Amino acid sequence: MEKTLIKKIIRNPQEYINKRLKLNGWVKTVRSSKAFGFIELNDGSIFTNLQVVFEEGLSNFSEISKLLISSSLEVEGILVESPGAKQPFELKAEKIEILGTSSQDYPLQKKRHSFEFLRSMAHLRPRTNTFSAVFRVRSIVSYAIHKFFQERGFVYVHTPLITGSDAEGAGEMFRVSTLDLANLPKGEKGSIDFSQDFFGKETNLTVSGQLNVETYCMAFNRVYTFGPTFRAENSNTPRHAAEFWMVEPEIAFADLQDNMALAEDMLKYVINYVLENAPEEMEFFNKFIDKTLFNRLKNIVDSDFAQITYTEAIDLLKKVNDKFSYPVEWGCDLQTEHERYLTEKVFQKPVFVINYPKDIKAFYMRLNEDDNTVAAMDLLVPGVGEIIGGSQREERLDVLEKRMEDLGLNKEDYWWYLEIRKYGGTKHTGYGLGLERLIMYLTGMTNIRDVISFPRTPKNAEF
RNA sequence: UCCUCGAUAGCUCAACGGUAGAGCAAUCGGCUGUUAACCGAUAGGUUGUAGGUUCGAAUCCUACUCGGGGAGCCA
C-alpha cells in the first residue's frame, strides 16, 4: 500500500477523508487512557501534526500506550472527521507498527525549552516546533532568492571559498593551509615560507565573493552569488557567526538607485513568497515568537522603503544627541543605537542610508562628485539593524588606483580586479545580504545561532 | 576583545551562612474523546571547575570554564 504524506492530507483533505491510508512519522506526544489513546504524529512533510486515535483492540495496544516521544511508526487506518475541537480530522488506526523506539532519557519534552538548552543539542533540535519552522522557512527563503534572481535573468556564479587575496578588508580571515603547524617552514627572515604551502602562497577562507563576482558581472551583466562566507572576528553577539551565508547580486550599467530598487524588490518578493508558501510556520512565529511579525512584514510589503543620506541622517540625529550615549558627528560611523533610532523611531520601516564619508568605507566604493563621500548604501531594518550593505563600484581606473594608494593597498594584489576596469569597464553596483539576518527578520528569531543548523561562533564548533 | 548578569535534579526554577525543595519529564498504577490531557505514587543531587574564608558554604571571596544581554566589528 502506498504511503501518504501528511502535507497532502492537510492541503487536500476531501481527497483522503474516509479512505484507508498508510503513513510514516515520529511521535510528538501520546495521551492514553485505559481503552484508547491519541498520538500526535509528524512526518516532516509539514509543520502540522496529524492526530492518530488508537483503541484497545489493537494487538500491541499496551506498547503503543507507553510509546516515548520521537519513536518512529508506520500507521495504517481510516481518515475520519474528528469530534475534537482542535483538528478537523484524524486517523483512526487499524494497525500501528513501531519502527524505532525512543529512550526514556530523550531530552526534549512536550513543553517549551529555552533556546540556550536546545543549542547544546543541535542534532535533536530540528525535531522541535520552533526549529522545524525555522529551517523549513530557511529552505523556502533560499529557494525564493534563487527564484527571484533567475526570473530576472541573473546568472548564478559560484565564487571560490578559498581565496588568495588576503586583503579583502572585510574582517579577520581563517587561514587555509596544509603546513605542519608543529614544524613550520621558515624563510630567510624567520617568517613562514608559504611557497611551500599547498597553493604556494598564503590562502584564506573568503570573507566575500564580491571581488570575484564583479568579474562575471562584466560578462553576464546581471549575476549573483549565494554561498557560505567566513569571518574570524571574535564577535560575541546575537547577530554574528563565524560561518554564515550571503547573497551578493551585482548588476552592470546600473547605479546606486538601481541597486536599492533591486534590494527593495527582492526583500518584498521574498516576504510575499514565504508568507504564501510557509503559512503554518509563519502563523507559528506570529503566535509564539513575535506577535508583531505579521504587522511588521505587511507594513514592509505595502510601503516604500525610506532613503536618507548619511549627512542628512547626522543632522537629524544631532538634534536628539542627548538620547545617545555616543553623540554623533559627521565623519563618525553610525552606532547601533543611532541606526536603531533611525529605522525604529524616525521611519518605523526599512531605511537606506546612502553616501557615507569615504574614510569609513571600503576602497572599491565609487567616489561621489563632492570628492568626500562614496556611493554606499546600508539598509537598516527595525529589530535587526543592518541587513544589507552595498555600493556602486568605482569603475574609473585612475580614481580607483588613487584610492588604493591613499589607503596603502598593494595594487599588484588586485591586478585582475583592476583589469576589468581596463577592458570595457562600466558603472556597476551590488550589495551583500546576510541570509541569516533576513531569516531572523522574517521569523522574529533574535539569535543568529538559532537560524543556522550547526552554528559556528567563537569557542563553539561542536557537531 | 570590553562591560554586565548568570551556572542548583533530565528541563524550568526556589532555597540568600545552619539537614537542598517544587512543577514538568521519567518509572509504576488509575481513567471511555484527549489537545503542554488529567489523578495518585515512586525514583532522581560531589549545587559548573579549582582554591580560599568559616565551627559550618548552594549561599561570602579569588581564579578559570561555559552561557545570556549590551558594546565594538560587520552581513
Side-chain angles (χ1 to χ4, degrees), chain A residues 28-40 49-57 62 65-66 68-69 80 82-87 90 92 102-121 124 128-129 168-172 207-210 228-248 263 288 324-326 332-340 360-362 378-381 384-390 431-441 446-452 457-460 462:
Chain A
K28 288 298 175 184
T29 170
V30 180
R31 296 179 289 272
S32 67
S33 56
K34 189 179 177 184
F36 65 93
F38 305 92
I39 296 169
E40 282 193 37
N49 301 323
L50 182 70
Q51 176 161 285
V52 174
V53 189
F54 60 97
E55 296 182 338
E56 65 182 333
S62 64
S65 300
K66 289 176 188 170
L68 295 165
I69 293 178
V80 297
S82 173
K86 296 213 173 178
Q87 61 283 318
E90 61 195 18
K92 199 163 159 56
S102 188
S103 167
Q104 64 191 52
D105 58 6
Y106 183 65
L108 302 181
Q109 302 169 19
K110 50 191 169 191
K111 69 163 191 177
R112 214 191 119 72
H113 286 294
S114 67
F115 293 141
E116 292 83 4
F117 171 68
L118 293 170
R119 266 171 230 154
S120 72
M121 42 195 73
L124 298 177
T128 64
N129 284 337
E168 289 180 37
E172 294 292 313
V207 293
S208 164
Q210 183 203 316
T229 306
F230 308 89
R231 305 255 169 111
E233 295 287 347
N234 191 7
S235 291
N236 291 287
T237 85
R239 300 185 306 282
H240 290 86
E243 177 180 326
F244 62 99
W245 281 57
M246 196 151 62
V247 180
E248 295 175 290
F288 293 108
F324 306 125
S325 42
Y326 294 89
C332 297
D333 213 346
L334 296 178
Q335 306 280 322
T336 302
E337 58 176 344
H338 306 137
E339 294 182 343
R340 293 190 63 159
I360 58 172
K361 287 292 181 184
D378 282 356
L379 178 64
L380 312 177
V381 296
V384 174
E386 186 179 341
I387 199 170
I388 284 175
Y431 60 83
L433 164 81
L435 177 70
E436 285 78 12
R437 289 191 181 171
L438 174 61
I439 291 167
M440 289 165 73
Y441 192 58
T446 54
N447 195 311
I448 197 169
R449 289 158 227 202
D450 298 326
V451 300
I452 300 178
T457 52
K459 302 275 185 281
N460 190 354
E462 189 71 41

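Here is how names work: the chains are called A, B, and so on, in the same order as the sequence lines, proteins then strands, and each is numbered from 1. Note that the structure is a prediction, hence the values are computed from the model and not measured. Just so it is clear, the values below take in all heavy atoms, side chains as well, and ignore hydrogens, waters and symmetry mates.
Atom OH in A:Y441 sits roughly 19 Å away from atom P in B:A75 (whole-Å rounding). Atom CG in A:N236 sits about 15 Å away from atom C1' in B:C5, given to the nearest Å. One atom, CZ of A:R239, and another, C1' of B:C73, lie 10 Å apart when rounded to the nearest Å. For the pair A:H240 NE2 and B:G72 C1', the computed distance is 9 Å after rounding to whole Å. Taking atom CZ of residue A:F230 and atom P of nucleotide B:A75, one finds them 16 Å apart after rounding to whole Å. Following rounding to the nearest Å, A:F115 (CZ) and B:U12 (P) show an atom-to-atom distance of 13 Å.
One cannot find a donor-acceptor pair under 3.5 Å joining the base of B:C11 and the side-chain atoms of A:H113. One can find a donor-acceptor pair under 3.5 Å joining the base of B:C73 and the side-chain atoms of A:S235.
Base pairing annotation: B:C64 forms a Watson-Crick or G-U wobble pair with B:G48, both donor-acceptor distances under 3.5 Å. Checking B:U34 for Watson-Crick or G-U wobble geometry (two distances, each under 3.5 Å) identifies no partner in any strand. Nucleotide B:A71 forms a Watson-Crick or G-U wobble pair with B:U1, both donor-acceptor distances falling under 3.5 Å. Pairing partner, B:A15: none, since no Watson-Crick or wobble contact has both distances short of 3.5 Å. Look at B:U53: it lacks any Watson-Crick or wobble partner with both distances under 3.5 angstrom.
Atom name P, nucleotides B:U54 and B:U59: the rounded distance is 16 Å, in whole Å. Comparing B:A9 with B:A41, their P atoms are spaced 24 Å from each other, to the whole Å. Taking atom P on both nucleotides, B:U1 is separated from B:C13 by 27 Å, rounded to a whole Å. Taking atom P in both B:A14 and B:A26, one finds a spacing of 24 Å when rounded to whole Å. Nucleotides B:G72 and B:U4 are separated by 15 Å at their C1' atoms, to the nearest Å. Atom name P, nucleotides B:C2 and B:U12: the rounded distance is 28 Å, in whole Å. Between the C1' atoms of B:C60 and B:G23, the separation comes to 30 Å (whole Å). For B:A57 and B:G48, the P atoms lie 15 Å apart once the distance is rounded to whole Å.
The phosphate of B:G72 has OP1 or OP2 within less than 4.0 Å of a side-chain N or O from A:T336.
Checking side-chain atoms of A:R437 against main-chain N and O of A:E386 turns up a donor-acceptor pair under 3.5 Å. No donor-acceptor pair closer than 3.5 Å links the side chain of A:S235 to the backbone N or O of A:T237. Side-chain N or O atoms of A:E248 include one that pairs as donor or acceptor with a backbone N or O of A:G209 at under 3.5 Å. In this structure, the side chain of A:H240 does not engage the main chain of A:N236 through any donor-acceptor pair within 3.5 Å.
For the pair A:R449 and A:T457, the minimum side-chain heavy-atom distance is below 4.5 Å.
Using a 30° and 60° split on the angle between ring planes, A:F36 and A:F38 fall in the perpendicular class, above 60°.
Atom NZ of A:K92 has 12 or fewer heavy atoms from other residues, nucleotides or ligands within 6.0 Å.
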Worksheet item: In B/S/- notation, 5' to 3', how is nucleotides 23-33 of chain B contacted by protein heavy atoms closer than 4.0 Å?
Response: BBSSS-S-BSB

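A:I387 comes within 4.0 angstrom of sugar-phosphate atoms only, judged by non-hydrogen atoms across all strands, and of no base. Here A:R119 lies in heavy-atom contact (under 4.0 Å) with sugar-phosphate atoms only. No contact: A:P458 has no heavy atom under 4.0 Å from any strand.
Of the candidates B:G70, B:A75, B:G72, B:A75 carries the atom nearest the A:M246 side chain, counting heavy atoms from C-beta on. Among the nucleotides B:C73, B:U12, B:G68, the one closest to the side chain of A:E116 is B:G68. When distances run from any side-chain atom of A:E386 to the nucleotides B:G67, B:A75, B:C73, the shortest one goes to B:A75. The side chain of A:N234 approaches B:U1 more closely than any other nucleotide in the set B:A75, B:U12, B:U1. Side-chain atoms of A:Y326 lie closest to B:A71 of the nucleotides B:U12, B:G68, B:A71. In this structure, of B:C73, B:G10, B:C74, it is B:C73 that holds the atom nearest to the side chain of A:T237.
Residue whose closest nucleotide on RNA chain B sits further toward the 5' end, between A:F244 and A:N460: A:N460. Residues A:N447 and A:R437 each lie close to RNA chain B; by heavy-atom proximity, the contact nearer the 5' end of the strand is made by A:N447.
Of the options A:R31, A:Q51, A:Q87, A:K110, a side-chain hydrogen bond (donor to acceptor under 3.5 Å, both in side chains) to A:E40 is made by A:R31 and by none of the others. A side chain to side chain contact (heavy atoms under 4.5 Å, CB included) with A:M440 is found for one member of A:I387, A:L435, A:V451, A:V381 and no other, namely A:V451.
The ring pair (Phe, Tyr, Trp, His ring centres under 6.0 Å) search around A:F115 returns A:F131, not counting sequence neighbours.
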